[in-house]
*Asks:* 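Below is one structure. I have some questions about it.
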There are 2 protein chains.
Amino acid sequence: MRASSMKNELDSCAFAVNEFLLSQLDGKPKALYQASSHYIRSGGKRLRPFMVIKSCELLGGAIKRALPAAGAVELVHNFTLVHDDIMDNDEMRHGVATVHHQYGLPLAILGGDILFSKAFEILSYNGRKVGIGDKEITEMVGRLANSCTVICEGQTIDIDFASNTKFPSESQYIDMIGKKTAALFEVSCAMGALSSPNPGIKDVDNLASFGRNIGVAFQLVDDLIGAIGDPKVTGKAAGNDIREGKKTLPILLALRKAKGDERDKLMKVFGSKAASVPEIKDAVKVVSDMGIDEDVRNAARQHMAKALASIEGYSNADARRSLQFAADFIVGRSL
Amino acid sequence: MRASSMKNELDSCAFAVNEFLLSQLDGKPKALYQASSHYIRSGGKRLRPFMVIKSCELLGGAIKRALPAAGAVELVHNFTLVHDDIMDNDEMRHGVATVHHQYGLPLAILGGDILFSKAFEILSYNGRKVGIGDKEITEMVGRLANSCTVICEGQTIDIDFASNTKFPSESQYIDMIGKKTAALFEVSCAMGALSSPNPGIKDVDNLASFGRNIGVAFQLVDDLIGAIGDPKVTGKAAGNDIREGKKTLPILLALRKAKGDERDKLMKVFGSKAASVPEIKDAVKVVSDMGIDEDVRNAARQHMAKALASIEGYSNADARRSLQFAADFIVGRSL
């Protein structure tokens with residue numbers, strides 16, 4: 001299957017999920033629902049719902065059965081974005097004003113909260129409507145709720161990293177992104193499996209492992225983009241995470257590898273809001289020249305290989321290729 | 001049964017619920033779980049869990065079966081308190097610092113969020129552990145999630161009331177408190193019914209109706225206390241809601257009833273942070289002298305009567321008396 005037809009498939013899943021979600025977020029008071037659907041209406045690839053749908057298809061389930069779980073994970077994802085933006089006090093996200101910036105703090109908190117509650121409403125009510133059994137719905141609710149708990153823990157650890165003067169170890173970093181990011185990918189694929197007509201526990205485990213590893217790879221590449229991504233591609237200032245002093249893997253690796261003059265150039269601007277654009281560019285060049293890009297992509301590829309090993313025994317070649325495409329897309333994203 | 005033994009029963013339910021919840025909120029990072037359990041550790045009557053437990057007992061279920069649902073509603077209740085305090089920028093709640101005041105905004109948002117996710121984890125995992133069927137768990141998840149959606153809507157309407165110069169009608173006010181407050185009482189009793197061994201839909205409806213009417217009565221009395229409560233009893237400044245310009249039923253009724261000089265005294269201080277203590281006392285006296293207390297208690301009693309009618313056919317006299325006690329306690333609370 002060619003990349004362009006896979007791209008079409010991603011778009012067509014996104015279309016189905018958007019249509020479903022916007023119909024669920026059409027209530028009153030209008031301002032509350034506008035605030036809650038603000039990011040959903042502003043676009044997005046719907047990568048997590050895609051993984052729910054393709055995990056379900058891998059086990060013989062049609063997209064219709066996967067839509068409640070697909071919608072629920074996207075709502076949870078959006079809920080974390082809305083609340084994270086408040087905590088970080090960010091004004092913009094992907095070219096649109098953040099929810100609290102546009103609608104004010106109360107509607108941003110409530111708009112986030114209602115995304116959360118709608119996710120669980122959809123799982124139970126719409127799950128039943130499409131024929132998913134109560135046993136599987138109960139299992140999905142427990143797993144999705146637990147992933148939300150874990151995401152809150154991961155987010156707290158991330159905040160601790162930022163306020164602590166010490167640098168985390170590589171394994172502490174991997175643990176944190178496992179919670180903050182990979183938990184939702186893991187539950188996406190597990191819920192996709194649970195949405196299929198006759199899910200076995202082994203299938204759910206395999207898909208969960210696939211999702212978890214893809215999630216770690218996703219965050220590794222995301223952090224690479226944050227450190228040395230091209231502003232023309234990413235839409236963010238060059239070396240954004242270096243300037244903000246984020247303790248992500250690419251930056252940890254760079255600080256460990258750099259010596260003498262290179263290290264000085266990096267440390268001078270790390271976490272310095274006052275650093276000049278040429279100084280940041282110099283620091284980005286230091287990181288790039290040390291081959292950190294390749295180191296991080298290799299780490300991401302290792303997780304991708306583990307992910308793909310979890311699903312290699314399944315016979316539905318189309319769905320398997322779609323999941324492989326998602327994995328390639330995630331690891332291969334441009335800087 | 002005497003009031004003192006009923007009080008013991010309320011305390012003993014609260015003890016069981018506290019023990020259960022604190023064991024569920026003992027995780028890492030510690031600061032996150034401390035923030036999330038801050039209000040739970042600082043006391044509270046656990047009225048909603050009491051109603052879950054007694055609704056379950058009314059239908060022949062033991063307290064053990066009701067604990068997951070009882071814990072879940074208390075977590076949801078606390079989640080709304082934590083987030084509401086951020087929105088209102090309150091510094092104190094019942095004599096302790098608010099969560100965001102003590103732990104900062106990020107931990108207050110995340111601490112609230114994790115209460116929400118734990119509620120649904122407990123419903124599914126612990127619900128299964130105590131032997132509740134997946135069908136009933138799925139039903140509880142849908143109802144609890146829906147009540148959270150409705151609470152967010154009610155909270156938004158309440159914020160709209162405050163920022164709007166127009167006064168809401170009595171029915172708009174009842175609709176708002178139905179969403180903001182009564183929805184959680186309604187789902188508490190419905191989930192208590194669903195936690196019993198063989199819940200019928202009619203039983204669930206009856207208990208839901210009981211809870212809904214009790215919830216409306218609860219908020220009516222709460223708003224009465226906010227308007228004219230005795231600071232020695234309530235711990236809040238006299239005429240707190242009058243000074244803050246809250247458009248609650250007692251204040252709406254007072255403004256409608258007051259004429260001439262009395263109306264002037266009220267309007268002068270309504271929503272005026274600069275009003276002097278004697279001026280506020282005068283306004284409170286105006287409201288009291290007009291008999292608003294009795295008007296609001298009568299409205300609350302009407303809802304209480306509807307509530308009690310919903311459960312009068314049940315044969316478990318102990319549980320029915322406990323629910324009646326809860327109703328009396330709510331409507332009879334001192335000013």
Side-chain angles (χ1 to χ4, degrees), chain A residues 27-33 35-36 76 79-80 83-84 86-89 104-107 109-128 132-157 159-160, chain B residues 27-33 35-36 76 79-80 83-84 86-89 104-107 109-128 132-157 159-160:
Chain A
K28 283 182 181 174
K30 203 164 180 211
L32 173 65
Y33 284 93
S36 72
V76 166
F79 143 79
T80 65
H83 282 189
D84 283 3
I86 300 172
M87 293 181 241
D88 296 341
N89 204 13
L105 183 68
L107 278 185
I109 292 180
L110 291 167
D113 292 345
I114 211 168
L115 291 170
F116 201 129
S117 58
K118 279 279 172 190
F120 288 92
E121 271 190 79
I122 284 173
L123 259 193
S124 58
Y125 292 139
N126 296 74
R128 275 180 167 176
I132 297 174
D134 289 326
K135 183 180 163 210
E136 284 72 32
I137 291 176
T138 301
E139 188 65 32
M140 285 200 262
V141 167
R143 284 176 184 250
L144 184 62
N146 180 256
S147 80
C148 294
T149 297
V150 168
I151 291 167
C152 290
E153 292 173 355
Q155 178 69 8
T156 306
I157 297 170
I159 293 172
D160 286 347
Chain B
K28 284 183 182 172
K30 205 165 178 211
L32 173 65
Y33 284 92
S36 71
V76 166
F79 144 79
T80 65
H83 282 189
D84 282 3
I86 300 173
M87 291 180 243
D88 296 341
N89 205 12
L105 182 68
L107 277 184
I109 293 180
L110 289 167
D113 292 343
I114 210 168
L115 290 169
F116 202 130
S117 58
K118 279 278 173 193
F120 289 92
E121 270 189 80
I122 285 174
L123 260 193
S124 58
Y125 291 140
N126 296 74
R128 276 180 167 177
I132 297 173
D134 289 325
K135 183 181 162 207
E136 284 72 30
I137 292 177
T138 301
E139 189 64 32
M140 285 200 260
V141 167
R143 283 176 185 250
L144 183 62
N146 181 256
S147 79
C148 294
T149 297
V150 169
I151 291 167
C152 290
E153 292 173 356
Q155 178 69 8
T156 306
I157 296 170
I159 294 172
D160 286 347

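Per chain, numbering begins at 1; letters A, B, ... match sequence-line order.
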*Asks:* Where does A:Leu105 contact chain B at under 4.5 Å (heavy atoms): side chain, backbone, both or neither?
*Replies:*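 Only the side chain of A:Leu105 comes within 4.5 Å of chain B.
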
*Asks:* Any idea how B:Phe120 and A:Phe120 line up, ring-wise: parallel (<30°), tilted (30 to 60°), or perpendicular (>60°)?
*Replies:*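 B:Phe120 and A:Phe120: parallel rings.
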
*Asks:* Can you name the side-chain hydrogen bond (donor to acceptor under 3.5 Å, both in side chains) partners of A:Ser117, sequence neighbours left out?
*Replies:* B:Thr149

*Asks:* So how far is it from B:Ser36 OG to B:Ile114 CD1, rounded to the nearest 0.5 Å?
*Replies:*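 Here the rounded value is 6.0 Å.
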
*Asks:* Output all residues satisfying salt bridge (charged side-chain N to carboxylate O under 4.0 Å, His left out) with B:Glu139, sequence neighbours left out; order by chain, then residue number.
*Replies:*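 By the salt bridge (charged side-chain N to carboxylate O under 4.0 Å, His left out) rule, B:Glu139 matches A:Arg128, B:Arg143.
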
*Asks:* Between A:Thr80, A:Ile109, A:Val76, A:Ile159, which shows the greatest number of heavy-atom pairs under 4.5 Å with chain B?
*Replies:* A:Ile109

*Asks:* Who wins among B:Leu123, B:Ile137, B:Asp160, B:Asn146 for the most heavy-atom pairs under 4.5 Å with chain A?
*Replies:* B:Asn146

*Asks:* Is it the side chain or the backbone of B:Ile151 that comes within 4.5 Å of chain A heavy atoms, both, or neither?
*Replies:*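 B:Ile151 has no heavy atom closer than 4.5 Å to chain A.
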
*Asks:* Measure distances from A:Leu110 to the heavy atoms of chain B and classify the residue's part below 4.5 Å as side chain, backbone, both or neither.
*Replies:* both

*Asks:* Would a 4.5 Å heavy-atom cut-off, applied to side chains only, mark A:Leu32 and B:Ile157 as touching?
*Replies:*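 No. Closest side-chain heavy atoms not under 4.5 Å.
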
*Asks:* Considering only heavy atoms and a distance below 4.5 Å, find which of B:His83, B:Glu121, B:Lys28 pairs most often with chain A.
*Replies:* B:Glu121

*Asks:* Given a strict heavy-atom distance threshold of 4.5 Å, which part of A:Leu107 is in contact with chain B: side chain, backbone, both, or neither?
*Replies:*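 Looking at A:Leu107, just its side chain touches chain B.
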
*Asks:* Check whether any side-chain heavy atom of A:Gln155 lies under 4.5 Å from a side-chain heavy atom of A:Asp84, and answer yes or no.
*Replies:* yes

